[in-house]
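Below is one structure, written out as structure tokens, with a few remarks after it.
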Amino acid sequence: HFLCFIKYTTFGFPAHAIDLPHLFHTSQSLQIDIVADHINSSYNQPRIAIEMMMSSDEDKSEGSYKINRIRNLDDEFTPGIFDVYNIVSPRSDNDTKGSFIQYRPVCYTSEERTVASSTESRHGNAIKIDGVINRYKFTLPFAYFGYKIQHKLNEAINITLGMPRDLFYVHTNYSSFSFLMGIGNPPKEGLSPFVITFAVIGLGIPFLVLIVGGTFVAVKRYSD
């Protein structure tokens, strides 16, 4: 058997997704999960790759999509994965007119998403799409924009799943990848309450011991 499916999930409030990589979503974002399960291939060492064709209401003269790498010090939700990538349109700083794609550079080689089954993903640069009308003719963007789509911002980016040390796709015959897409600014994730509490305790106890000890020594010397 073989299976390739795409799952769409919408949200009504800010929170982390239940499954790894626990992406931080908001009500303005949509999570998409892509799963390739036992896809037949004539190649001996195939690699699963995803081509994202991105269309925006912005005019192509306004600029192009940018890829920003964000380093997060908190890896509580995705152990060992500190990076977040934002693919943003020229108006992404506007809460209503811009658009974005956000993901962590990780994918999974088994149905049960665990740290042990995780591996890396790589992306290329965003490139202009040639022959927009022909490539978009039977798509939702064309149904929405019509022939005006050739004047809109249309670019594509390739994301490759896995690394050479994974023994390629045929080793497990399974790959899954998740990302967010939405309008406005990409979600910004701060330090979690757990990490803040841990830091406060870790720094506060030695500081408290230092103050109590210093006070005791001062009082002792003064009394003597």
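As the structure is a prediction and not an experimental result, all values here were calculated from the model.
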Distance in Å, Ser99 OG paired with Gln28 CD, rounded so as to fall on 0.5 Å steps = 12.0 Å
With rounding to the nearest 0.5 Å, note down the distance linking CD1 in Ile39 to CD1 in Ile48.
-> 6.5 Å
For Asp57, the side-chain contact (heavy atoms from CB on, under 4.5 Å) test, sequence neighbours excluded, returns Phe145, Lys152
Can you find a heavy atom in the side chain of Arg69 that is under 4.5 Å from one in the side chain of Pro105?
-> no
Sub-3.5 Å donor-acceptor pair from the side chain of Tyr108 to the main-chain atoms of Val115, do we have one?
-> no
Would a distance-only check, ignoring hydrogens and angles, find a side-chain to backbone donor-acceptor pair under 3.5 Å from Arg47 to Met163?
-> yes
Residue set satisfying side-chain contact (heavy atoms from CB on, under 4.5 Å) with Thr114, at least two apart, ordered chain then number -> Glu112, Ala116, Ser117
Would you check if Phe11 and Ser27 make a side-chain contact, meaning some heavy-atom pair closer than 4.5 Å?
-> no
Any side-chain heavy-atom pair from His151 and Asp59 closer than 4.5 angstrom?
-> yes
Under 3.5 Å donor-acceptor, Tyr136 side chain and Asn154 backbone = no
Give, for atom SG of Cys107 and atom CD1 of Ile34, the distance between the pair rounded to the nearest 0.5 Å.
-> 11.5 Å
Aromatic centroids of Phe142 and Tyr147 separated by under 6.0 Å = yes
Transitively linked via ILVMFWY side-chain contacts under 4.5 Å: Phe100 with Ile70?
-> no
Tracing side-chain links under 4.5 Å among I, L, V, M, F, W and Y, which residues wind up in one group with Phe24?
-> none
Rounded to the nearest 0.5 Å, what's the gap from OG on Ser118 to CG on Asp166? Could you check?
-> 9.5 Å
Identify, with sequence neighbours excluded, every residue that meets side-chain contact (heavy atoms from CB on, under 4.5 Å) alongside Lys66.
-> Asn68, Val88
Applying salt bridge (Lys or Arg N to Asp or Glu O under 4.0 Å), name anything that partners Glu51, two or more places apart in sequence or on another chain.
-> Arg135
Residue set satisfying ring pair (Phe, Tyr, Trp, His ring centres under 6.0 Å) with Tyr144, at least two apart, ordered chain then number -> none
Would Ile50 and Phe177 count as a side-chain contact (heavy atoms from CB on, under 4.5 Å) if you check the C-alpha gap in whole Å, the side-chain angles of each, and the deciding distance to 0.1 Å?
-> CA-CA 9 Å; Ile50 302 168; Phe177 178 73; 3.9 Å; yes
Mind checking what makes salt bridge (Lys or Arg N to Asp or Glu O under 4.0 Å) contact with Lys60, not counting sequence neighbours?
-> none
Please report, to 0.1 Å, the donor-acceptor pairs under 3.5 Å made by any side chain of residues 123-133, with sequence neighbours excluded.
{"residue": "His123", "atom": "ND1", "partner": "Tyr103", "partner atom": "OH", "Å": "2.9"}
{"residue": "Lys128", "atom": "NZ", "partner": "Glu155", "partner atom": "OE2", "Å": "3.1"}

Thr109 side chain to Thr172 main-chain N or O, any donor-acceptor pair under 3.5 Å?
-> no
Please list, chain by chain and in numerical order, all residues satisfying salt bridge (Lys or Arg N to Asp or Glu O under 4.0 Å) with Glu111, sequence neighbours excluded.
-> none
Is it the case that more than 12 heavy atoms not belonging to Met181 sit under 6.0 Å from its CE atom?
-> no
Kindly compute the distance separating CZ (Arg91) from OG (Ser56), expressed to the nearest 0.5 Å.
-> 7.0 Å
Do Thr26 side-chain atoms and Pro187 backbone N/O form a donor-acceptor pair below 3.5 Å?
-> no
Using the rule that two of Ile, Leu, Val, Met, Phe, Trp, Tyr join whenever any of their side-chain heavy atoms come within less than 4.5 Å, decide whether Val84 and Phe179 are in one cluster.
-> no
Would you mind listing the cluster partners of Tyr43? Hydrophobic ones only (ILVMFWY), side-chain contacts under 4.5 Å, chaining allowed.
-> none
Write down the atom of Ile149, the atom of Pro141, and the distance for their closest heavy-atom approach.
-> CD1-CB, 3.7 Å
Are any non-hydrogen side-chain atoms of Ile159 and Met52 less than 4.5 angstrom apart?
-> yes
Is it true that Asp83 and Arg104 have a side-chain N and a carboxylate O under 4.0 angstrom from each other?
-> no
Listed partners of Ser178 passing side-chain contact (heavy atoms from CB on, under 4.5 Å), at least two apart = Pro21, Leu23, Gln31, Asp33, Arg113
With a 4.5 Å heavy-atom cut-off, do Ile6 and Tyr8 have their side chains touching?
-> yes
Fellow cluster residues of Phe13, listed by chain then number, with links counted only when side-chain atoms sit under 4.5 Å apart = none
Distance col, row Lys7:NZ vs Asp19:CG, nearest 0.5 angstrom, shows 6.5 Å
